[in-house]
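Per chain, numbering begins at 1; letters A, B, ... match sequence-line order.
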There are 2 protein chains.
Amino acid sequence: MNADATENLLLQAMGAERASALLPHFEPCDLGLGMPLETPGEPIEYAYFPERGVVSVIVLAREGGEQVEGGLIGREGLTGQTVVLGGDRSPHLTRVQIPGHARRIRADRLREVIERDHDLQSWLLRFAQLMSIQTAHAALAYARLRLEEKLARWLLMCHDRIESDELSLTHEFLSVMLGVRRAGVTVATHTLEGEGLIRARRGRIEIIDRRGLRRVAGAGYGTPETEYERLIGLPMSREDRS
Amino acid sequence: MNADATENLLLQAMGAERASALLPHFEPCDLGLGMPLETPGEPIEYAYFPERGVVSVIVLAREGGEQVEGGLIGREGLTGQTVVLGGDRSPHLTRVQIPGHARRIRADRLREVIERDHDLQSWLLRFAQLMSIQTAHAALAYARLRLEEKLARWLLMCHDRIESDELSLTHEFLSVMLGVRRAGVTVATHTLEGEGLIRARRGRIEIIDRRGLRRVAGAGYGTPETEYERLIGLPMSREDRS
DNA sequence: AAGATTTGGTGCGTTTTCGAACGGTTTACA
DNA sequence: TGTAAACCGTTCGAAAACGCACCAAATCTT
């Protein structure tokens, strides 16, 4: 197994030499829909480097069951920020939103490797910085964007992290991610569809016009993606690729 | 200058030995109201360990001037997460919201010290983890709390970081922090005052009943504070102190 | 002391989103 | 193939927050 063999962009970007400290510890792993990768308050077992599929970090209220999405992770990064930062558990829930597969490494192994290889550590910290920026902009989005804009933002972010133009997800699901009403998602979806930006079928949304979605999302989309390119050296946003 | 001489809680909590690597590089520094400690997109010059006063990290939209507060930092921590994570600049704005004073260290010095002393680095990373949790819960607050609840949450967080029970701030200021209308703050303030939780005078809010504010803030307050205690070993929330 | 400025209080109508509910359609599976 | 479940579309009134605008009171300036 070598670095070129993985489809994880972060591993590619750090180069074969840096990645080589991790490779022996990887095991391939399916990411099944809904699978919890980290459970709030419990020790983190593995860090996952997705190669396909999308995972999200879900912020939970202590009580009352309120929740919103704090960030998305796909093949551009890894889960387990907490471990990279030296912790062993986090108050958030991390779960698979779009199925795929990953390479994973045991948390204790990752700690050992990081401890020995500070060059590698600093690469992983760079991604932790990106997640922090992403979460900060999620806060901005929740505070200032309208439902329709939040939806456009989420679709763009998700689109960046998958291959196809089609997302398998329900309105119910989106409503939880965006922290809004299910019926609200239905309406916003219609608006976007009416403008020809997406096409929605039952349990499925197809991205038709990224530019248009960016126009709708406005300033809600872009900063974390720009920072990714600056820090990692690979374009994050789809239209910036080849 | 030794660690006991500082009023910064993080420096106290890490112990004199760990802090000793930083102390020679510190210079005292006033934190004047409105002073920018980090400017978006520009190299960070100093990391600040506040001893009095409160600083906030402000998340900016690329255009349109929208902004919200991503997190608060007082004497329980330090600014310059980005530097601790190995970066040199961030897209956020960090500025003084409540005047006070701090010890500061040049960013490049901090980088050197961290590079040499990994035990110290891991302490500082621990606080980076806390800021990340705080921002995540800010996102939750913006998404799910009502104005009045957001206000209660903000007052509690600020109260934790100062000595007195009195805050010098205007409705206008709060409206920007919370990402809401100025008139909305006025109304919410009246509600809280009507319940006897605070007392508001021109440009000034006095905290009367913390318990009551916690009841209003509900699940919007608490998680980052609990985590602080778990990770740093000192109580963050006021009512948990002696 | 007079005037300018900042800050707070209030009252519109409007927009956005909510909560709850119902019914129809598609899909899954027994 | 039929029945149950999941999903979507739509409706209703209500709540929350908005933008805007105006005035009063407190404070600062000179």
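Other residues, nucleotides and ligands contribute more than 12 heavy atoms inside 6.0 Å of the CD atom of B:E206. Summarising the local packing, CD of A:E166 is surrounded by more than 12 heavy atoms from other residues, nucleotides or ligands at distances under 6.0 Å.
Of the candidate nucleotides D:dT10, C:dT17, C:dT10, C:dT10 has the atom lying nearest to any side-chain atom of B:T186. Considering only the side chain of A:R182, D:dT10 comes nearest among D:dT10, C:dT7, C:dG9. Comparing atom distances between the A:H171 side chain and each of D:dC8, C:dG8, C:dT16 picks out D:dC8 as nearest. Closest contact between the side chain of B:R181 and the listed nucleotides D:dC8, D:dC20, C:dG9 involves D:dC20. Among the nucleotides D:dG9, C:dT10, C:dT17, the one closest to any side-chain atom of B:H190 is C:dT10.
Using a 4.0 Å cut-off between charged nitrogen and carboxylate oxygen, A:K150 and A:E69 do not count as a salt-bridge pair. Using a 4.0 Å cut-off between charged nitrogen and carboxylate oxygen, A:E163 and A:R52 do not count as a salt-bridge pair. Checked for salt-bridge contact, B:E239 and B:R211 miss the test: no charged N lies under 4.0 Å from a carboxylate O. No salt bridge links B:D165 with B:R199; every basic N to acidic carboxylate O contact stays at or beyond 4.0 Å.
Each of A:K150 and A:A183 has a nearest nucleotide on DNA chain C; the 5'-most of these lies closest to A:K150. Of the residues near DNA chain D, A:R144 and A:T170, the one whose nearest nucleotide (by heavy atom distance) lies more toward the 5' end is A:T170.
If you take CG of A:L169 and P of D:dA6, they are 17 Å apart, rounded to a whole angstrom. If you take CZ of A:R146 and P of C:dT17, they are 7 Å apart, rounded to a whole angstrom. C:dC18 atom C1' lies 17 Å from atom OH of A:Y142, rounded to whole Å. As rounded to whole Å, 10 Å separates atom P of D:dC18 from atom CG of B:L178.
By the side chain to side chain donor-acceptor pair (under 3.5 Å) test, A:H92 pairs with no residue at all, sequence neighbours left out.
Within residues 192-210 of chain B, the residues having any heavy atom closer than 4.0 Å to DNA chain C are, in order of number, B:R202, B:G203.
Between the side chains of B:Y221 and B:D160, a donor-acceptor pair is found at a separation under 3.5 Å. A:T79 and A:R104 share no donor-acceptor pair across their side chains, judged by distance under 3.5 Å alone.
Rounded to 10 degrees, the angle separating the terminal axes of the helix from C:dA1-D:dT30 to C:dA30-D:dT1 is 40°, with each axis obtained from five end pairs.
Nucleic acid contact for B:V180: sugar-phosphate only, since backbone atoms but no base atoms lie under 4.0 Å from a heavy atom of the residue.
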